[in-house]
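All values below were derived from every heavy atom in this structure, side-chain atoms included, with hydrogens, water molecules and symmetry-related copies excluded. Below, read A as the first sequence line, B as the second, and so on, with proteins coming before strands; counting in each chain starts at 1. Everything numeric in this text was worked out from a predicted model, so none of it was measured.
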There are 2 protein chains.
Amino acid sequence: MVFLRGRLDPKARTEMATHIPEVVILRLPSYLRALTLLEEGNAGVVSSQELGARLQMTPAQIRKDLSYFGKFGKQGKGYNVSQLLGELRQILGLDRDWSVALIGVGRVGKAILDYGDLAPRGFQVVAAFDRDPELIGKVVGGLVIQDIADLAATVKDRGIAIAIIAVPPSQVQQVIDCVVRCGIKAILNYAPVAAQLPKDIRLREIDPVLAMQTMTYYLKTLSSS
Amino acid sequence: MVFLRGRLDPKARTEMATHIPEVVILRLPSYLRALTLLEEGNAGVVSSQELGARLQMTPAQIRKDLSYFGKFGKQGKGYNVSQLLGELRQILGLDRDWSVALIGVGRVGKAILDYGDLAPRGFQVVAAFDRDPELIGKVVGGLVIQDIADLAATVKDRGIAIAIIAVPPSQVQQVIDCVVRCGIKAILNYAPVAAQLPKDIRLREIDPVLAMQTMTYYLKTLSSS
DNA sequence: GTGTGTGAATGTTTTCACAGCG
DNA sequence: CGCTGTGAAAACATTCACACAC
């Protein structure tokens, strides 16, 4: 009676490359961050137990996550901190620097240029763009602000792979379209609006209000104390 | 769906409580944001289809998410935009303003005070704290910077429910301990470090580097440019 | 003993597919 | 018809539990 339309046949599905769950990729950077701290504290080895305690997650989850990529631990001992750090950096493609373009040099954009944590952690902001003629040509944070029309050429020249968007909400969609046309495949969006984009482009959002709005639901209930 | 009214003994409450998956709560604010945009564009109604297209998610997921809280749509028509907005605001506890304390008034802290998007969206930064005697007493963004020792009293006085933390990494753990002791149950952490905290405290992180590190994994593979 | 790596079991989330309403 | 609301099914993610290595 019920027949299925257009499903992927089971065999083709099985033959597909080992797909690593996105949730796992999302967690790896926190492992990296925790391990960096451990290394600074001169910890030589760490168990999934200990790492789990620091990150408030189960040891099993950490072991399972890592097992997608290889066997990095030693039984009875744990993981060598600096070796695991190296492995994770390589897995995440962080054994190199990445060039980043900043689009939008208003208040938020300037704060991002000022923020000194990007470069030491491997993300170099190598170009800044705006569409305001008043700003173009000015120097901010050691960068000459360029016309957004130059984006395509600069992306090619400087090997830019990631764009940070910090323009007003009303301009976000057109800027994203432009950035995507220039071949950028990863976007960090500071503007508090959703945008349309091809599914092969990665997007992450930084919106403090959104983050707080996910917490108020839980605050609501405990307000009777 | 039965809404709880009036007082219930803890047992009945526990047995009745419909536990709503956290992923659902995490998505509601994006619905809110999309609907706000639709309302500004004078859209009267929206279908799960249309909303899904804007947010790049399936209509079924949106319908299912909303169904945890009630029946807000009309068959054959869709959802009334402003009515659904109202419902979501109420669900998330956003039918009121929230008072926020900023801890740490360095570069990042100042940028947060400057950022004009918090207040219009319902989050009032009503107090700022630092431990640096040079800063205490100075005025930034209309707020007199207070000694962090005054936090407990101010939290009580001003009904502060959320803390934004923007202190250097090395101070994060002690500041979080302090904030928790003061009765704060929700924290937005801008410092790029993990911290220990009781499981009944909500924490969200803003770390642009972490966000970018979750994308480089995917960039790695397509680097044939 | 201690702690990894991993199939198998369990739990959770998403998607399907359709009854029923406007 | 078109679209919601929703049980049921499928897909996905986490946790368990134990063989095995140090």
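Remark: A:Tyr115 pairs with A:Asp117 by the side-chain hydrogen bond (donor to acceptor under 3.5 Å, both in side chains) rule, at least two apart or across chains. The side-chain hydrogen bond (donor to acceptor under 3.5 Å, both in side chains) check on B:Asp114 picks up nothing, with sequence neighbours excluded. With sequence neighbours excluded, the residues that form a side chain to side chain contact (heavy atoms under 4.5 Å, CB included) with A:Lys74 are A:Lys77. In this structure A:Gln173 satisfies the side chain to side chain contact (heavy atoms under 4.5 Å, CB included) test together with A:Asp177, A:Ala195, A:Gln196, sequence neighbours excluded.
Looking at A:Leu35 and A:Glu39, their side chains never come closer than 4.5 Å, going by heavy atoms from C-beta outward. With a 4.5 Å cut-off on side-chain heavy atoms, B:Ile112 and B:Leu118 count as touching. With contacts defined as side-chain heavy-atom distances shorter than 4.5 Å, the pair A:Val167/A:Phe129 does not qualify. Contact annotation: the side chain of A:Tyr217 never approaches that of B:Arg202 to less than 4.5 Å [non-hydrogen atoms, C-beta and beyond].
The stretch residues 25-54 of chain A touches DNA chain C through A:Ser47, A:Ser48, each having a heavy atom within less than 4.0 Å of the strand. Contacts between residues 62-72 of chain A and DNA chain D, counted as heavy-atom distances below 4.0 Å, involve A:Arg63, A:Lys64. Of the residues in residues 74-83 of chain B, those with a non-hydrogen atom less than 4.0 angstrom from any atom of DNA chain D are B:Lys74, B:Gln75, B:Gly76, B:Lys77, B:Gly78, B:Tyr79.
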Tabulate below the donor-acceptor pairs under 3.5 Å that side-chain atoms of residues 178-191 of chain A make, not counting sequence neighbours, or state none.
| residue | atom | partner | partner atom | Å |
| --- | --- | --- | --- | --- |
| A:Asn189 | OD1 | A:Ala191 | N | 3.0 |
| A:Asn189 | ND2 | A:Ala191 | O | 3.3 |
| A:Asn189 | ND2 | A:Val193 | O | 3.3 |

Indicate every side-chain donor-acceptor pair of residues 24-34 of chain B with a distance under 3.5 Å to a residue at least two apart or in another chain.
| residue | atom | partner | partner atom | Å |
| --- | --- | --- | --- | --- |
| B:Arg27 | NE | B:Asp65 | OD2 | 2.7 |
| B:Arg27 | NH2 | B:Asp65 | OD1 | 3.0 |
| B:Arg27 | NH2 | B:Asp65 | OD2 | 3.2 |
| B:Ser30 | OG | B:Arg27 | O | 3.0 |
| B:Tyr31 | OH | B:Asp65 | OD2 | 2.5 |
| B:Arg33 | NH1 | A:Glu205 | OE1 | 3.0 |
| B:Arg33 | NH1 | A:Asp207 | OD2 | 3.0 |
| B:Arg33 | NH2 | A:Glu205 | OE1 | 2.6 |
| B:Arg33 | NH2 | A:Glu205 | OE2 | 3.3 |

For residues 51-64 of chain B, which side-chain donor-acceptor pairs fall under 3.5 Å, sequence neighbours excluded?
| residue | atom | partner | partner atom | Å |
| --- | --- | --- | --- | --- |
| B:Thr58 | OG1 | B:Gln61 | N | 3.2 |
| B:Arg63 | NH1 | B:Ser48 | OG | 3.3 |

Side chains of residues 78-95 of chain A: which donor-acceptor partners sit under 3.5 Å, not counting sequence neighbours?
| residue | atom | partner | partner atom | Å |
| --- | --- | --- | --- | --- |
| A:Asn80 | OD1 | A:Ser82 | N | 3.0 |
| A:Asn80 | OD1 | A:Ser82 | OG | 3.3 |
| A:Asn80 | OD1 | A:Gln83 | N | 2.9 |

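With values rounded to the nearest 0.5 angstrom, A:Ile164 atom CD1 is found 8.5 Å from A:Ile206 atom CD1.
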### Summary
The dot-bracket string of DNA chain D, counting Watson-Crick and G-U wobble pairs with both distances under 3.5 Å, using [ ] for crossing pairs and | for pairs to another strand, is ||||||||||||||||||||||
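For the pair B:Gly73 and A:Met57, both in contact range of DNA chain D, the more 5′-proximal nearest nucleotide belongs to B:Gly73.
Put simply, A:Thr58 has a side-chain N or O that comes within less than 4.0 Å of OP1 or OP2 on D:dT15.
Atom CD of B:Glu22 is separated from atom C1' of D:dA13 by 15 Å (rounded to the nearest Å). In this entry the distance linking CD1 of A:Ile20 with C1' of D:dA11 reads 18 Å, nearest Å.
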